[in-house]
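Reviewing the structure listed below.
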2 protein chains.
Amino acid sequence: MSTHPSFDRARFEQPSLTVDVVVFAMRESALNLLVIERGIPPFEGRWALPGGFVLPSETVERAAARELEEETGLRDVYLEQLYTFSMPDRDPRGRVVSVAHMALLPADRLDTVQGGSDARRAEWVSIPEAIEKVEPAGLPPPGAKPRKKRDAREPHFAFDHDVIVATALARLRGKLESTTLAFELLPEEFTLTEAQRVYEAILGRPIDKVTFRRRLTQLELVEETPRMRRGAHRPARLYRAAPRDSVWI
Amino acid sequence: MSTHPSFDRARFEQPSLTVDVVVFAMRESALNLLVIERGIPPFEGRWALPGGFVLPSETVERAAARELEEETGLRDVYLEQLYTFSMPDRDPRGRVVSVAHMALLPADRLDTVQGGSDARRAEWVSIPEAIEKVEPAGLPPPGAKPRKKRDAREPHFAFDHDVIVATALARLRGKLESTTLAFELLPEEFTLTEAQRVYEAILGRPIDKVTFRRRLTQLELVEETPRMRRGAHRPARLYRAAPRDSVWI
DNA sequence: AGAACTTAGTTGCATTGTGCAACTAAGTCA
DNA sequence: TGACTTAGTTGCACAATGCAACTAAGTTCT
């Protein structure tokens with residue numbers, strides 16, 4: 001805003017400002033999303049994202065972190081601002097503008113999610129089934145498959161939260177190969193196959209093992225540990241994310 | 001937001017919601033930015049971005065387009081939502097959250113910019129000189145050169161608009177090579193050298209002619225016209241952006 | 001014990017993309 | 001006419017990528 005001839009007047013009729021958080025985590029080689037089943041109308045029984053009102057003296061990022069901790073117990077997770085959703089009718093109760101955020105939770109912290117203080121149920125839903133037929137906000141995503149509108153079944157999500165989730169997934173996909181964001185979904189130490197599963201889950205398609213390993217090692221994105229993961233078959237070398245100045249590759 | 005135990009109460013103490021628009025255009029092989037010199041305090045005489053309050057029944061994207069037209073006469077330009085700025089003290093007059101947008105204006109429409117209805121001066125400033133020593137919001141940008149804080153001179157920009165501009169530039173750089181966004185800064189028909197200048201201005205470094213031309217033609221991002229641009233030396237083939245389903249490459 | 005199976009990890013190669021130097025082409029200007 | 005400038009191409013060395021085939025190390029089945 002360059003000047004404000006109506007600065008004081010404009011404080012009337014301002015929309016409410018909220019934040020919503022799309023939390024992603026890996027579960028059984030699939031990307032999962034944290035939703036909270038709504039206990040009250042509107043959209044009772046539908047899935048909603050954790051979130052709430054922005055307080056007067058906090059940034060939206062801080063509000064997102066606070067609401068996430070209040071409603072799920074999660075703290076110290078990767079969190080980035082995503083997009084602001086402002087369709088006038090997106091909330092039937094009134095004008096609510098919401099600044100959506102995306103959070104990434106390491107796989108080994110998946111079960112640390114607690115119900116909110118008011119005991120609402122938080123649950124993990126796997127991605128390909130949770131969001132079908134929804135397009136992200138803004139410009140269409142890199143993987144520009146025109147998706148159909150929802151079918152006759154009841155929609156799963158409350159408000160426009162399906163669009164928010166689609167937007168978060170598009171952002172995650174877009175950043176996947178130009179940043180080290182994928183490591184935020186992995187435990188401190190992980191095998192290269194586990195890392196490959198993360199990439200495959202986010203991209204939604206299988207990727208070549210050799211190319212993947214070559215890339216991670218040649219770009220020095222990972223460093224070896226002396227430890228191995230032992231399981232049903234041949235033990236696998238454990239790696240950790242290499243310390244870097246920036247998430248950008 | 002999953003539930004709203006305090007929905008009605010929260011309508012009090014809500015921040016004001018505004019939009020700001022970072023308009024980029026090419027001028028003499030350099031990337032330029034549209035600023036409006038403020039005529040009133042606070043920040044009188046400093047550069048500000050076009051923008052203003054979001055009206056009750058419009059989206060923020062619509063508000064950005066409306067304010068841009070009201071203040072500069074520009075319409076039908078590429079416009080995308082960028083990032084939301086919410087530091088509680090970013091406006092000394094009170095709590096104002098601003099949703100920043102980025103607009104791209106074709107070079108041949110640069111002189112169609114008109115002063116706003118209240119006759120404030122709009123002017124173009126070239127990028128490398130306008131923003132020095134500022135870091136974008138959110139995560140650091142792809143070109144992660146840690147910039148210094150401003151020096152002793154008076155800052156040029158009002159509010160946090162320097163950060164908004166830095167964020168817009170980072171976004172533009174990030175999308176440059178994975179989208180066809182650069183064409184939005186070019187006239188309908190352009191030479192490949194003109195296109196190269198756009199890429200160089202945005203990246204801030206020279207790029208190889210052969211590689212650049214090979215990429216544009218092999219990916220079929222441009223198509224030949226029968227016309228030539230005639231100037232001081234050898235005439236250059238005119239091209240246009242090839243019609244595509246998506247801006248993503 | 002040993003064969004079959006599964007997952008981990010490597011080697012080799014053909015294909016494609018990138019960076020750079022050197023060249024040709026077509027105009028202007030002195 | 002020749003120097004200069006910008007447009008545009010050719011050729012090549014080198015790096016990145018995709019794919020097939022291989023070896024390695026464990027478990028399980030008989």
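Quick caveat: nothing in here was measured; it's all calculated off a predicted structure. Lettering of chains follows the sequences in order, A, B, ..., and the numbering in each one begins at 1.
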**Complete:** Rounded to whole Å, the CZ-C1' distance (Arg213(B) to dG19(C)) equals 16 Å

**Request:** Figure out the CD1/P separation between Ile207(A) and dA16(D), and round it to whole Å.
**Result:** 18 Å

**Asked** Got a salt bridge between Arg237(A) and Glu224(A), using NZ or NE/NH1/NH2 to carboxylate O under 4.0 Å?
**Response** yes

**Asked** Are Glu220(A) and Arg244(A) ion-paired here, with the side-chain N under 4.0 Å from a carboxylate O?
**Response** no

**Prompt:** Can you name the one residue among Leu105(A), Val35(A), Leu33(A) that meets side-chain contact (heavy atoms from CB on, under 4.5 Å) with Trp124(A)?
**Reply:** Leu105(A)

**Request:** Could you tell me the separation between the OH atom of Tyr199(A) and the P atom of dT17(D), rounded to a whole number of Å?
**Result:** 12 Å

**Complete:** A correct dot-bracket answer for DNA chain D, with pairs being Watson-Crick or G-U at under 3.5 Å, [ ] for crossing pairs and | for inter-strand pairs, is ||||||||||||||||||||||||||||||

**Fill in**
Per atom distances to the Thr193(B) side chain, the nearest of dT17(D), dG11(D), dA7(D) is dA7(D)

**Request:** Can you tell me the distance, in whole Å, between the CZ atom of Phe212(A) and the P atom of dA8(C)?
**Result:** 12 Å

**Prompt:** Would a line drawn from the ring center of Phe212(A) to the ring center of Tyr199(A) be shorter than 6.0 Å?
**Reply:** yes

**Item:** Distance, rounded to the nearest Å, where Arg215(B) contributes CZ and dT16(C) contributes C1'
**Value:** 15 Å

**Prompt:** Are Glu200(A) and Arg205(A) within salt-bridge range, i.e. N to O under 4.0 Å?
**Reply:** no

**Item:** Check ion pair Arg229(B)-Glu194(B) (N to O, under 4.0 angstrom)
**Value:** yes

**Item:** Selected nucleotide, minimal atom distance to Arg214(B) side chain, candidates dG9(C), dA16(D), dC12(D)
**Value:** dC12(D)

**Phosphate OP1/OP2 of dT18(C): any Thr211(B) side-chain N/O under 4.0 Å** = no

**Request:** Report yes if the distance between the aromatic ring centroids of Tyr83(A) and Tyr83(B) is under 6.0 Å, otherwise no.
**Result:** no

**Fill in**
ring pair (Phe, Tyr, Trp, His ring centres under 6.0 Å) filter on Trp47(A), not counting sequence neighbours, yields His156(A), Phe157(A)

**Request:** Using the side chain to side chain contact (heavy atoms under 4.5 Å, CB included) rule, take Leu31(A) and Leu185(A) through it: C-alpha gap first, then chi angles, then the decisive distance, then the call.
**Result:** CA-CA 9 Å; Leu31(A) 188 64; Leu185(A) 291 165; 4.2 Å; yes

**Item:** Nearest-Å distance for atom pair CZ/P, residues Phe190(A) and dG9(C)
**Value:** 12 Å

**Prompt:** Where the side chain of Asp208(B) is concerned, which of dA8(C), dC20(C), dA7(D) is the nearest nucleotide?
**Reply:** dC20(C)

**Message:** Just the rounded figure in Å: distance from C1' of dG17(C) to CD of Gln218(B).
**Reply:** 8 Å

**Request:** Would you jot down, in residue-number order, the residues of residues 221-240 of chain B having a non-hydrogen atom under 4.0 Å from DNA chain D?
**Result:** His233(B), Arg234(B), Pro235(B), Ala236(B), Arg237(B)

**Asked** Quick one: Leu219(B) CG to dT16(C) P, roughly how many Å, whole number?
**Response** 14 Å

